[in-house]
Amino acid sequence: MGAFFVYILKSAICLALFYLGYRLLLSRDTFLRFNRFALLSGFVLAALLPLARVGVEGVSPLGPALEEWGRIAAPVEPAATASPAVSCYSIGLAIYLMGVLFFIARFLWGVVSLIRLIRAGRREQLADGSWLVLHRLPLAPFSWLRYIFLAEKDLLSKPELILAHEQAHIRMRHTWDLLFTELFLWLQWFNPAAWLLRQELQSVHEFEADAAVLGMGYDSKEYKLLLIEKAVGSSRYTLANSLNHSSLINRITMMQKRKSNPWARMKYAFVLPVAATAMAAFARPEISRQMAEISSAKITDLSRMVQTTAAERTRPEAIDTTTSAREVMVTGYAQFTDNKVYESAEVMPEFPGGQTELLKFVAKRVKYPTEAQRKGAQGRVIVKFVVETNGSISNIHVVKGIDPLLDAEAIRVCTTMPTWAPARQEGKAVRCYYTIPVTFGLVKAES
């Protein structure tokens, strides 16, 4: 059993290293198909490389390492006295196996729930061979295998965009990626890096589907409004591809992003050999005795770090909007970033017509959501975005949010802004940050 436990720990550290490499070097590139392949390859490499022995003779085939697995089921002669270490190991193994069984049971229950949902809905076959399953339940649109699940009320609101998105998922076989990675999650359920890699893969799926929809010629602004509208929903099925699955800000940013430089592909040639070398080092017999202590410390540190990252990524992205033009303020920052985005420049970006027209634009476009008014949601939200050298707006995000409905409305207004006059530094157009603090205020009715 010791060989199995060491293998699981080595594989967990390999996944953690691969996740860190992906997040640092690859996650912001627009090579969506290649990123998808890299993420799937990361799971496979993390499963295979710990099986290889590395010694003075070089890398041996997987066979000798697999021979140790034969001893996993072999009977162990009882010792004269029970060791405390053996007792702790048995407890740890029991907890691990219970976790594996729990996630297998969760997977099977999810499949059963989806099958029930298919049988309970009204089914119609579409032209591409996929099946549309309509429900009266308030479901967020999602797809699984060749089935598209849709609430009947969504047929009244841009059904062609929703179907185009979900059919892209089906055409690209994204469900099979999720089923493939599910097998690894059963064994790596305790490893935050495994779940975060799966989350990255689902984000890439959404980016690919978004790109496919826009590639069909649909209006970009209309599609972004649909995403904002569906962002308030929630998906209950982790095995499915949902329209509102990924972060709204990340998806809008990716759609507005310029294509990555082809030379950026060189990073792939750098990451894979480095990752392979690091993972092979963990398979060395000379350090296998220390793996338990080292992996425990690494996983603890990684868990703390990725939990912080996950909290930041899933934090409700909010954007400020105003009920009155005089409540809007626009300012700049003063800092430089590594990717040459200025936060203060000699000549700051300018909205067409100046700040007065910007105030009018925001006041005219913003709409106070009725639901937010009923909840009494109000206050100030701070929005930050980048004015590119061509005057377009990108990287819209919220520095301080209030309520998801107000935040989504503010995002919508910012995505409809016209072309700005870019910032200038030493006479050259440069990328520059801009922030817009906007206030929502409710006026009490006089009695």
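The minimum heavy-atom distance linking Ser11 with Ala46 is given by the pair OG-O, 2.9 Å. In terms of heavy atoms, Asp154 sits closest to Ile162 at CB-CD1, 4.0 Å. The two residues Ala372 and Leu405 have their closest heavy-atom pair at N-CD1, 3.8 Å. The shortest heavy-atom contact between Trp195 and Leu185 is CZ3-CD1, 3.7 Å. Pairing each heavy atom of Pro422 with each of Val430, the nearest pair is CB-O, 4.4 Å. For the pair His174 and His169, the tightest heavy-atom approach, listed with the atom from each and the gap, is ND1-ND1, 2.8 Å.
A 4.5 Å side-chain heavy-atom check between Phe385 and Thr415 finds every atom pair outside the cut-off. In this structure the side chain of Val112 reaches within 4.5 angstrom of the side chain of Arg116, judged on heavy atoms. The closest side-chain heavy-atom distance from Trp189 to Arg106 is not below 4.5 Å. Side chains of Ile402 and Gln378 form no contact here, defined as non-hydrogen atoms less than 4.5 Å apart. Counting heavy atoms from C-beta on, the side chains of Glu152 and His135 never come closer than 4.5 Å. Proximity of Tyr218 to Tyr223: side-chain heavy atoms (C-beta onward) are nowhere separated by under 4.5 Å. Annotation: side chain of Leu178 is in contact with side chain of Arg198 (closest heavy-atom distance under 4.5 Å). Between Gln188 and Leu15, some side-chain heavy-atom pair lies under the 4.5 Å cut-off.
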Go through Ile393 and Val386 one step at a time and tell me if the side chain to side chain contact (heavy atoms under 4.5 Å, CB included) criterion holds.
CA-CA 6 Å; Ile393 303 299; Val386 175; over 6 Å; no
Would you check, one step at a time, whether the test side chain to side chain contact (heavy atoms under 4.5 Å, CB included) holds for Tyr433 with Tyr342?
CA-CA 6 Å; Tyr433 281 116; Tyr342 290 74; over 6 Å; no
Before giving the answer on side chain to side chain contact (heavy atoms under 4.5 Å, CB included), spell out for Arg36 and Met172 the whole-Å C-alpha distance, their side-chain angles and the decisive distance to 0.1 Å.
CA-CA 11 Å; Arg36 177 184 173 190; Met172 298 176 185; 4.0 Å; yes
Would you check, one step at a time, whether the test side chain to side chain contact (heavy atoms under 4.5 Å, CB included) holds for Leu161 with Val213?
CA-CA 7 Å; Leu161 285 176; Val213 172; 4.2 Å; yes
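With rounding to the nearest 0.5 angstrom, the CG atom of Asp210 is 12.5 Å from the NE2 atom of His205. Atom CD1 in Ile170 sits 12.5 Å away from atom CH2 in Trp176 (nearest 0.5 Å). Taken to the nearest 0.5 Å, the OH atom of Tyr22 stands 8.5 Å off from the CZ atom of Phe18. Rounded to the nearest 0.5 angstrom, Lys224 NZ and Thr416 OG1 are separated by 10.0 Å. Within the model, atoms CD1 of Ile148 and CD of Gln167 stand 4.5 Å from one another, a figure rounded to the nearest 0.5 Å. Rounding to the nearest 0.5 Å gives a distance of 11.5 Å between CG of Asp407 and NZ of Lys400.
Without hydrogens or angle criteria, Arg33 side chain to Glu208 main chain gives no donor-acceptor distance under 3.5 Å. Panel note: side chain Thr175, backbone Leu145; a donor-acceptor pair is recorded below 3.5 Å. Distance alone, capped at 3.5 Å, is enough to place a donor-acceptor pair between the Asn191 side chain and the Ala12 backbone. Although no hydrogens or angles enter the test, the distance criterion places a donor-acceptor pair under 3.5 Å between the side chain of Tyr96 and the main chain of Leu187.
In this structure, Phe149 and Tyr147 have tilted ring planes: the angle between them lies in the 30° to 60° band.
Of the residues Ser392, Cys432, Pro349, the one that meets the side chain to side chain contact (heavy atoms under 4.5 Å, CB included) test with Trp420 is Pro349.
Cation-pi geometry between Lys384 and Tyr434 is not met: the NZ or CZ atom fails to fall both under 6.0 Å from the ring centre and inside 45° of the normal.
No hydrogens or angles considered: nothing links the side chains of Ser130 and Arg146 as a donor-acceptor pair under 3.5 Å.
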